Each structure stands twice: as structure tokens, then as C-alpha cells.
Amino acid sequence: MAANRSANADRRARIEEMRRAEQSRERRNRLITIGVSGIVVLGLVGFGTFVLMKKSDEQDAKEAAAKAPIKSEQSWDAKKLGRNHVETAVKYDMKPPVGGDHHPVWMNCDGVVYYKAINDVNAVHSLEHGAVWVTYSKKADKADVEKLAAKVGKTKYTLMSPVDDQSGAIMLSAWGKQVTVDNAADPRIDAFFTKYVQGPQTPEPGAACTGGVGQ
């Protein structure tokens, strides 16, 4: 009898020890889980903060670019540029034109690349809606033309076409604004897009760039 009681006591002691060990293991696992979760949360918060700060920095850079002057940019008094709708030929004072009387129907400019010359009178109407018009002559390098076409193709309120008799290899025009560059790597291209795609010079901001004419 005494031997049985001793054996039972030993068995209960081992069971109790195993139970305490299991409880200790569960507590340790919970602490590890909580710790890992905390690290993950902190990591996500830190990453989220980094992303927000990066976006804020990018926005600040865009705003700064929109305010900064563009080297060698030409400007015309927007108030003196005609805005009448006409269906006759218009003689413009600059090539490509940056404003003036124009056709009642705009050139589609929702990131459209035209590989043949387009009518100035339609393109000027697109500028009135806040589009940037990228033009190039035969002096432009083929690789630069392709790079610009890719940029225009993914940018709303832009259009691109050849203008063989323009003075520069590559020219960018907005309503009352124009700049000439030699190649697609010129930083003034991004600055011009940032500043003038639906920029403050736009006579009719938000007006359509689709539903006009194309080729």
C-alpha cells in the first residue's frame, strides 16, 4: 500500500511538473508572438511613415519645380493671344503656335502621339485646354523621339507631332509658353510638363482632351 501511494505521488508530481512546463512554454510562445507582432507593426508603421515622407518630398519637389523659372523659356502675354473660334486659316506669329484664334474642335490630347503633321488650329485649341504639345523636326535624334513618345503616351493632357520647319530639334509648347531643347534628357522637359500640364496658364482648365479630332 505504501509503495502504491508513493508511486501515485511520484506520478502526480511528474504530471504537475509537465503541466507547469507546458504552461511555461505557452507563456513563452505568447511573449514571442507578441514581440514579433510588435516588431512587424513597428516595421509597418515605419515603412508607412517612410512612404508618406517620400510622397511628401516628391510633392514638395513638384511644387518647387512648378514655381521655378525654366531656362531660356519664351513667354507671350496670354491676354493678347486671341481665343476666337474660326474655321479659316490662321497666321500665327510663332512656330509652333502657343495660342491665338483656333478651330472650334481641339486635337485629341490625352497622351496622343501623332506621327504625321497635324493642323495648328486644332492643336492650339488643345493648348487652350491645358495641354502641352511636344514637337520635333528632322534634326531630332530617333532615340530622343521614341523616349519623348513614351513620356507623352503615359501623360494625360499632352500630344506630340512632327513639325519639320520649326527652328529647334525638340520644342515644347503650352498656352503662351515655349522652350526649345536639343535632346530628351534635358531636365527642362520634366520641368515644363510639371509646370504647364493643366498649369496656371491654362485658359480653360479641365476642358476635354478627348472627343476632338485625330488622324
Side-chain angles (χ1 to χ4, degrees), residues 58-59 62-63 65-66 70 73-138 140 142 144-166 168 170-181 184 188-215:
E58 289 174 352
Q59 185 61 34
K62 284 184 177 181
E63 290 176 0
I70 296 174
E73 175 188 277
Q74 290 184 282
S75 296
W76 288 261
D77 188 343
K79 294 179 181 178
K80 294 181 179 179
L81 294 172
R83 291 180 55 199
N84 297 313
H85 287 179
V86 298
E87 297 192 39
T88 56
V90 179
K91 181 177 175 56
Y92 295 106
D93 295 332
M94 69 295 289
K95 189 74 173 182
V98 298
D101 294 346
H102 49 269
H103 196 275
V105 183
W106 56 91
M107 206 74 198
N108 287 331
C109 49
D110 198 27
V112 184
V113 177
Y114 299 99
Y115 292 97
K116 295 180 181 179
I118 60 178
N119 292 322
D120 287 349
V121 289
N122 299 107
V124 169
H125 196 156
S126 301
L127 301 186
E128 186 182 40
H129 289 188
V132 164
W133 182 17
V134 179
T135 56
Y136 59 95
S137 70
K138 292 179 180 178
K142 183 180 178 182
D144 286 330
V145 172
E146 291 175 352
K147 185 175 180 179
L148 288 169
K151 181 176 181 64
V152 168
K154 61 184 180 182
T155 309
K156 292 182 178 297
Y157 283 94
T158 63
L159 68 162
M160 178 174 172
S161 70
V163 177
D164 290 340
D165 57 345
Q166 68 180 25
I170 299 166
M171 299 178 72
L172 286 78
S173 303
W175 188 269
K177 305 291 182 180
Q178 192 169 80
V179 70
T180 300
V181 300
R188 289 176 295 171
I189 295 172
D190 284 343
F192 199 91
F193 270 53
T194 298
K195 197 166 188 175
Y196 296 126
V197 171
Q198 284 285 282
Q201 85 293 340
T202 305
E204 297 180 4
C209 243
T210 59
V213 295
Q215 286 183 338

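What you see is a predicted model; the values in this text were computed from it and never measured.
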Below 3.5 Å, can you tabulate the donor-acceptor pairs from side chains in residues 90-98 to any protein atom, sequence neighbours excluded?
unit_1	atom_1	unit_2	atom_2	d
Y92	OH	D101	O	2.6
K95	NZ	D120	OD2	3.4

Please set out all donor-acceptor pairs under 3.5 angstrom arising from side-chain atoms of residues 198-215, sequence neighbours excluded.
unit_1	atom_1	unit_2	atom_2	d
Q198	OE1	G206	N	2.8
Q198	NE2	H129	O	2.5
Q201	NE2	Y196	O	2.9
T202	OG1	G199	N	3.3
T202	OG1	G199	O	2.8
E204	OE1	H129	NE2	3.4
E204	OE2	R83	NH2	3.1
Q215	NE2	K116	O	2.8
Q215	NE2	A117	O	3.1

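Although no hydrogens or angles enter the test, the distance criterion places no donor-acceptor pair under 3.5 Å between the side chain of S137 and the main chain of Q166.
Contacts of V112 classified as side chain to side chain contact (heavy atoms under 4.5 Å, CB included), with partners at least two apart in sequence or in another chain: N108, Y114. Every residue two or more places apart in sequence or in another chain that forms a side chain to side chain contact (heavy atoms under 4.5 Å, CB included) with A184 is listed here: D144, K147, L148. In this structure A149 satisfies the side chain to side chain contact (heavy atoms under 4.5 Å, CB included) test together with V113, Y115, M160, sequence neighbours excluded. Here D190 pairs with K151 under the side chain to side chain contact (heavy atoms under 4.5 Å, CB included) rule; sequence neighbours left out.
Taking NZ from K177 and CZ from F192, the interatomic distance works out to 8.5 Å, rounded to the nearest 0.5 Å. Note that CE of M171 and OG of S173 are 6.0 Å apart. Values are rounded to the nearest 0.5 Å. Here T180 contributes atom OG1 and E73 contributes atom CD; the two are 11.0 Å apart, rounded to the nearest 0.5 Å. The structure places CH2 of W175 at 8.5 Å from NE2 of H125, a figure rounded to the nearest 0.5 Å. Note that the CG atom of L172 and the CH2 atom of W133 stand 11.5 Å from one another [nearest 0.5 Å]. Atom CG in L159 sits 7.0 Å away from atom CG in L127 (nearest 0.5 Å).
In this structure, G99 and L81 approach most closely via the heavy-atom pair CA-CD1, 4.0 Å.
Taking the six-membered ring for Trp, H103 and H85 have ring centres at least 6.0 Å apart.
At least one side-chain heavy atom of T158 sits under 4.5 Å from a side-chain heavy atom of V197.
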